[in-house]
Amino acid sequence: MKSYLTHLECTKCGEIFSCDDVHQTCPACGKVLYAKYDLKGAKQDLNKAILKNRTPNMWRYFEVMPIKKEANIISLGEGFTPLLKATNLGKHIGCSDLFIKDEGANPTGSFKDRGISAAISKAKELGKEKFSIPSAGNAGSSMAAYCAKGGLLAKVFMPKDAPEPNKNECILYGANLNVVDGFINDAGKLSKEVSSREGLFDVSTLKEPYRAEGKKTMGYELAEQFNWELPDSIVYPTGGGTGIVGMWKAFDEMEKMGWIGSSRPKMICVQSEGCAPIVRAFVNGDEHASPWENPETIAAGIRVPVAIGDYLILQALRESLGTAVTVSDKEIQDSLKQITSFEGIFACPEGAATLAGLKKVVADGIVSPDEKIVLMNTGTGLKYLDAIQINNS
């Protein structure tokens with residue numbers, strides 16, 4: 001297989017950079033860089049018929065992935081997660097064509113494995129061997145696992161109230177865990193300082209070009225699993241937002257390769273009432289989201305007060321005619337119990353937030369109950385047992 005990666009391009013100022021050099025954000029303006037491909041060439045080697053015979057993981061889309069030599073891939077089998085028809089849950093809430101994409105089936109139990117596998121693999125291909133990451137939970141334990149697999153050094157920076165299972169995973173995988181008295185942005189500042197001082201490669205969300213490339217494979221998989229027809233709406237729990245922008249990028253690539261048409265799903269962003277910078281910016285019509293003060297929610301993965309890719313998230317929401325909504329922790333808890341009891345999927349709180357958000361957008365008439373709707377469950381609830389309230393009555 002051959003990667004058709006050609007260059008990196010800034011999503012803001014349009015400057016072009018070599019993909020053979022190490023870059024994180026745009027050297028010209030500091031914004032997010034995207035990996036770009038020769039899609040005309042890629043579609044000669046990659047087509048729907050070939051995919052039928054490929055291994056069911058995210059590297060089946062190798063031609064539009066950033067690794068040039070297959071030997072450099074660090075993989076634990078991530079991707080091609082189940083897309084499950086939520087018949088019982090759909091009947092309960094009145095949605096006739098409801099699906100759950102269960103990212104909890106990834107190797108370390110969350111969708112973070114996609115982005116981390118791509119980012120660590122590419123950085124290693126470019127000669128990097130020491131890594132750092134600020135994380136509210138799953139991304140840190142994921143990076144620790146992939147660095148263990150690749151024989152690489154990992155330093156993880158987590159807020160002190162990050163889920164205990166994630167902290168324990170980091171230690172067991174052999175990472176150096178640093179607990180920070182603050183929020184994820186505080187962990188990010190310390191990670192940046194230590195990385196600069198010790199020569200570590202920081203793989204923060206959208207602060208390097210390749211985590212988005214792993215996340216975009218969720219978009220490729222949805223198209224393939226729906227026989228190349230995209231759903232009408234995708235409901236996504238949003239922290240750093242790499243999944244939304246990654247899927248949006250995937251849809252554009254697939255259209256250019258002739259795999260899908262121009263129709264797009266409505267992208268529905270769900271955030272917690274206690275941390276909703278993207279929702280606030282969307283409602284106010286802003287291009288960027290100002291930092292959220294004192295973020296608080298049981299869903300650690302969406303307790304992200306500021307996102308470097310805010311303008312990309314907001315662009316995808318608006319271009320798709322989607323929206324952004326908030327949900328309470330109680331609504332998350334109630335929805336988690338419904339997903340689990342009706343479908344047998346132990347969703348994480350972030351995944352449960354999508355159900356709570358869906359109820360609101362259906363009630364508001366933004367999404368029709370007859371649409372083909374996908375809820376993105378971004379991880380397993382098993383890592384949140386200390387945060388989930390279980391009532392046996």
### Query
Between CD1 of Ile93 and CG of Asn88, what distance do you get to the nearest 0.5 Å?
11.5 Å
### Query
Under 3.5 Å, is there a donor-acceptor pair linking the side chains of Glu103 and Thr81?
yes
#### Entry: Lys360 with Glu331: basic N within carboxylate O range, under 4.0 Å
yes
### Modelled atom types, side-chain donor and acceptor of Asn138 and Lys383, under 3.5 Å
yes
### Query
Do Lys155's NZ or CZ and the ring of Phe131 fall within the cation-pi criteria of under 6.0 Å and 45°?
no
### Query
In terms of heavy-atom contacts, does NZ of Lys12 have more than 12 from other residues, nucleotides or ligands at under 6.0 Å?
yes
### Message
For a side chain to side chain donor-acceptor pair (under 3.5 Å) check, start with the C-alpha distance between Gln44 and Lys2, then their side-chain angles and the critical distance, and finish with the verdict.
### Response
CA-CA 11 Å; Gln44 303 304 314; Lys2 172 186 174 182; over 6 Å; no
### Residues Lys43, Glu63: salt bridge by 4.0 Å N-O rule
no
### Task
Before accepting this row, confirm whether a basic side-chain N of the pair Glu221/Lys101 lies closer than 4.0 Å to the acidic partner's carboxylate O.
yes
### Message
If you count heavy atoms of other groups shown closer than 6.0 angstrom to CD of Glu229, is the number above 12?
### Response
no
### Message
Around atom NZ of Lys31, are there more than 12 heavy atoms from other residues, nucleotides or ligands closer than 6.0 Å?
### Response
yes
### Message
Taking ring-ring contact (aromatic ring centres under 6.0 Å, His included) as the definition, give me every residue that meets it alongside His92, ordered by chain and number, with sequence neighbours left out.
### Response
Phe342
### Query
Mind checking whether Phe157 and Ser132 have side chains closer than 4.5 Å, heavy atoms only?
yes
### Message
Assigning hydrophobic clusters by single linkage (Ile, Leu, Val, Met, Phe, Trp, Tyr; side-chain heavy-atom cutoff under 4.5 Å), is Ile234 placed with Ile244?
### Response
yes
### Query
Within a reach of under 6.0 Å around NZ of Lys91, are more than 12 heavy atoms found that belong to other residues, nucleotides or ligands?
no
### Query
Got a sec, which residues hit side chain to side chain donor-acceptor pair (under 3.5 Å) with Trp248, two or more places apart in sequence or on another chain?
Glu319
#### Entry: Stepwise side chain to side chain donor-acceptor pair (under 3.5 Å) check, Asn176 with Asn178
CA-CA 7 Å; Asn176 182 299; Asn178 300 266; 3.0 Å; yes
### Message
What I want to find out is whether Glu213 reaches Lys122 closely enough, with some N-O distance under 4.0 Å, to be called a salt bridge.
### Response
no
### Note: Arg264-Glu255 ion pair, threshold 4.0 Å (strictly below)
yes
### Message
Can you tell whether the side chains of Glu193 and Lys189 come within less than 4.0 Å, N to carboxylate O?
### Response
no
### Query
If you measure only the distance, is there a donor-acceptor pair under 3.5 Å linking the side chains of Ser204 and Asp202?
yes
### Message
Please report the interatomic distance CD(Glu350) to CD1(Ile332), rounded to the nearest 0.5 Å.
### Response
8.0 Å
### Query
How long is the gap from CD1 on Ile100 to CG on Leu83, to the nearest 0.5 Å?
9.5 Å
### Message
Regarding Thr108 and Ser141, do their side chains bring together a donor and an acceptor under 3.5 Å, going by distance alone?
### Response
no
### Verify same cluster id: Val245, Met267 (apolar side-chain graph, 4.5 Å)
yes
### Query
Is there a donor in the side chain of Thr297 and an acceptor in the side chain of Asp329, or the other way round, less than 3.5 Å apart?
yes
## Note on the structure
Smallest heavy-atom separation, Ser335 atom then Lys359 atom, equals OG-NZ, 3.5 Å
### Atom of Ala162, atom of Lys167 and distance for their closest heavy-atom approach
O-CE, 3.3 Å
### Query
NZ of Lys124 to CZ of Phe201: how many Å apart, nearest 0.5 Å?
15.0 Å
### Query
So if you build clusters from Ile, Leu, Val, Met, Phe, Trp, Tyr with side-chain heavy-atom gaps below 4.5 Å, do Phe99 and Leu230 land together?
yes
#### Entry: Heavy-atom check, side chain of Val235 versus side chain of Ile373, under 4.5 Å
yes
### Query
Same cluster for Met143 and Leu76 if Ile/Leu/Val/Met/Phe/Trp/Tyr side chains link at under 4.5 Å?
yes
### Message
Please find the pair of heavy atoms, one from Thr11 and one from Val32, that lie closest to each other, and give the distance.
### Response
OG1-O, 2.8 Å
### Message
Could you check whether Asp286 pairs with Arg280 (Lys NZ or Arg NE/NH1/NH2 to Asp/Glu carboxylate O, under 4.0 Å)?
### Response
no
### Message
Please determine whether a side-chain nitrogen of the Lys or Arg among Arg60 and Glu224 lies less than 4.0 Å from a carboxylate oxygen of the Asp or Glu.
### Response
yes
#### Entry: Atom CD of Glu164: over 12 foreign heavy atoms under 6.0 Å
yes
### Query
Would Glu253 and Lys256 pass as an ion pair if we require N to O under 4.0 Å?
no
### Geometric class of the Trp228/Trp259 ring pair [parallel <30°, tilted 30-60°, perpendicular >60°]
perpendicular
### Task
Would you tell me whether Ser117 and Ser75 have side-chain atoms, one donor and one acceptor, within less than 3.5 Å of each other?
no
### Query
Taking all non-hydrogen atoms of both residues, which atom of Asp310 and which atom of Ala289 are closest, and how far apart?
OD2-N, 2.9 Å
### Inter-residue atom distance Asp161.CG - Phe183.CZ, 0.5 Å rounding
7.5 Å
#### Entry: Ion pair Glu371/Lys266, N-O distance below 4.0 Å
yes
#### Entry: Side-chain donor-acceptor contact under 3.5 Å, Arg114 with Thr217
yes
### Message
Less than 4.0 angstrom from a charged side-chain N to a carboxylate O is my criterion; do Asp232 and Lys372 meet it?
### Response
no
### Task
For the residue pair Glu78 and Tyr146, confirm or rule out a side-chain donor-acceptor distance under 3.5 Å.
yes
### Message
Could you tell me if the side chain of Tyr173 sits less than 4.5 Å from the side chain of Cys147, heavy atoms only?
### Response
no
### Query
Within 45 degrees of the axis of the six-membered ring of Phe111 and under 6.0 Å from its centre: does Lys215 put its NZ or CZ there?
yes
### Message
Taking the side chain as everything from C-beta on, heavy atoms only, tell me whether Val180 gets closer than 4.5 Å to Lys160.
### Response
no
### Task
Grab the two heavy atoms, one from Cys13 and one from Cys10, that are nearest each other, plus how far apart they are.
N-SG, 3.3 Å
### Task
Answer yes when Arg318 and Glu287 have at least one side-chain N-carboxylate O distance shorter than 4.0 Å, and no when they do not.
no
### Flag side-chain contact, heavy atom, 4.5 Å: Leu46 against Tyr4
no
### Task
Taking Thr354 for its side chain and Gly351 for its backbone only, find out whether a donor-acceptor pair lies under 3.5 Å.
yes
### Message
Looking at every heavy atom in both Ser121 and Ile74, which two are closest together, and how far apart are they?
### Response
OG-N, 2.8 Å
#### Entry: Atom NZ of Lys330 with >12 non-hydrogen neighbours under 6.0 angstrom
no
### Query
Side-chain heavy atoms under 4.5 angstrom apart, residues restricted to Ile, Leu, Val, Met, Phe, Trp, Tyr: same cluster for Met218 and Met254?
yes
### Parallel, tilted or perpendicular: ring planes of Tyr220 versus Tyr61, cut at 30 and 60 degrees
tilted
### Message
Distance check, rounded to the nearest 0.5 Å: Lys192 atom NZ versus Gln24 atom CD?
### Response
9.5 Å
